[in-house]
**Student:** 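Got a structure for you, written out below as C-alpha cells; questions coming shortly.
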Amino acid sequence: MLTQTQQNMIAQTIAFVKSGSAGESTGHDWWHIYRVEKLALYLAEKEKAELFLVRLAALLHDVDDWKFNAIGSAHAENWLKSLDVDAETIEKVVHIIAQVSYKGAGEDTMPDSIEARVVQDADRLDALGAIGIARAFAYGGSKNREIYDPEVLPVMHADFEAYKTKVSHTINHFYEKLLLLKDRLHTSAARELAEKRHEFMEEFLKNFFEEWNFEEDGRRKIEDRSRK
Ligand code: ADP
Ligand code: NI
C-alpha cells in the first residue's frame, strides 16, 4: 500500500508525464506510458517488487526520450527532486530507468533489481502483439521508413551503434528485434503474457507475406493452367 504522500507524488507525476508527452508520435506517447505502468504494476504484484519504485520508474522511463526535452538526461531526476522525493528513492528510480533504457552491445545485461526487471519486461511487452505492430509502423512512418522492401533483408546488428544508424524498412524490425523479445523477458508472468502477443505477430507476418505475394502466386497459377 502506498502512503497518501506517495499517492500524491504518483498523481503529480502522471500529470507531468501526460502534459510532457502530448503530441508524441514516435511511440513514446502518454498511452504507451499508461500501458507500461499498468503492466508493470501487474508484474510487480506477482513478483513482490516495491510498488512505489516500479510506478515512478514506469511513469518516467521514457521522459528522456522526449524530442523536446530541454533538460537532458537529468530530467526524471529533476522532476523527483521538485516533488521532494527522498534522495535514496530518487537514486533507485534513476538507476532503474537507466537499466530499462540501456541499449548497449548485445542488449542483454540483467537488471540488478526486481523493480528494474519488472519495468523492462513491461516496456518490452508493449512492443509486442497488436500494439507492438501498431507502434512499429507508427515509428517507421515517423522516420520516413518504408513498410517493406523484399530486396532489403534483415541484419542482426552486432552492436547498438550499428543498430541505431541502420535505416531499414519496418518489417525488418520484427526480425531484428520484436520476435526476439519473448526470450529476453525476466519474469515468468511477462513470459506468459508474451506468448499470445508473439504468436499474433507471427500470424500477422504470415498474412502480410501471403498478401504481398498474391500477384506472383496468381500469375503462376495462370501459367500452370496454360501448360495443360
Ligand atoms: P521504448 O519506447 O519501448 O523504450 P524504443 O524507443 O526502442 O522503445 O521504441 C519505441 C517503439 O518504436 C517500439 O514499439 C519499437 O518497437 C518501435 N521501434 C523502435 N525502433 C524501430 C524501428 N527501427 N522500426 C520500427 N519500429 C521501431
Ligand atoms: Ni518505453
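In this chain, residues are counted from 1 in sequence order. Numbering of ligands and ligand atoms starts at 1, following listing order.
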**Student:** To the nearest 10 degrees, how large is the angle at the Ni ion (ligand 2) between D62 OD2 and H32 NE2?
**Tutor:**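 Vertex the Ni ion (ligand 2), arms to OD2 of D62 and NE2 of H32: 90°.
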**Student:** Which bit of D126 gets closer than 4.0 Å to ligand 1, counting heavy atoms only: side chain, backbone, both or neither?
**Tutor:** neither
**Student:** Kindly confirm or rule out an N or O of D62 lying under 3.5 angstrom from an N or O of ligand 1.
**Tutor:** yes
**Student:** Going by the angle between their ring planes, with limits at 30° and 60°, are Y34 and W31 parallel, tilted or perpendicular?
**Tutor:** perpendicular
**Student:** Using only atom types and a distance under 3.5 Å, with no angle test, would you say the side chain of H198 pairs donor to acceptor with the backbone of E195?
**Tutor:**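 The answer is no, because no donor-acceptor pair under 3.5 Å joins these two groups.
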**Student:** Donor-acceptor pair, R117 side chain versus T187 backbone, under 3.5 Å?
**Tutor:** no
**Student:** Quick one: does ligand 1 sit under 4.0 Å from the side chain of R124, the backbone, both or neither, non-hydrogen atoms only?
**Tutor:**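 It is neither; nothing of R124 touches ligand 1.
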**Student:** Relative to the heavy atoms of H32, which atoms of ligand 1 are at a distance of less than 4.0 Å?
**Tutor:**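 Answer for ligand 1: 2 (O), 3 (O).
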**Student:** So which bit of R145 gets within less than 4.0 Å of ligand 1, heavy atoms only: side chain, backbone, both or neither?
**Tutor:**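 Side chain only.
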**Student:** For L178, counting its heavy atoms only, list the atoms of ligand 1 lying under 4.0 Å from any of them.
**Tutor:** 16 (O)
**Student:** Using the benzene-type ring in the case of Trp, are the ring centres of F174 and Y148 under 6.0 Å apart?
**Tutor:**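 Not close enough - the centres of the two rings lie 6.0 Å or further apart.
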**Student:** Can you check which of E176, H173, K177 brings a heavy atom nearest to atom 21 (C) of ligand 1?
**Tutor:**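 Nearest option to atom 21 (C) of ligand 1, by heavy atoms: H173.
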**Student:** Can a side-chain donor-acceptor contact be found between D126 and H32 if the only test is distance below 3.5 angstrom?
**Tutor:** yes
**Student:** Which of the atoms of ligand 1 are close to D123, meaning less than 4.0 Å from one of its heavy atoms?
**Tutor:**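 Atoms satisfying the 4.0 Å criterion: 1 (P), 3 (O), 4 (O).
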**Student:** Angle at the Ni ion (ligand 2), NE2 of H61 to OD1 of D123, rounded to 10 degrees, please.
**Tutor:**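 The two atoms subtend 90° at the Ni ion (ligand 2).
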**Student:** So, regarding H61 and ligand 1 (criterion: nitrogen or oxygen to nitrogen or oxygen, under 3.5 Å), is there a contact or not?
**Tutor:** no
**Student:** Just how far is it from atom CG of L193 to atom OH of Y42, taken to the nearest 0.5 Å?
**Tutor:**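 Reported value, rounded in 0.5 Å steps: 5.0 Å.
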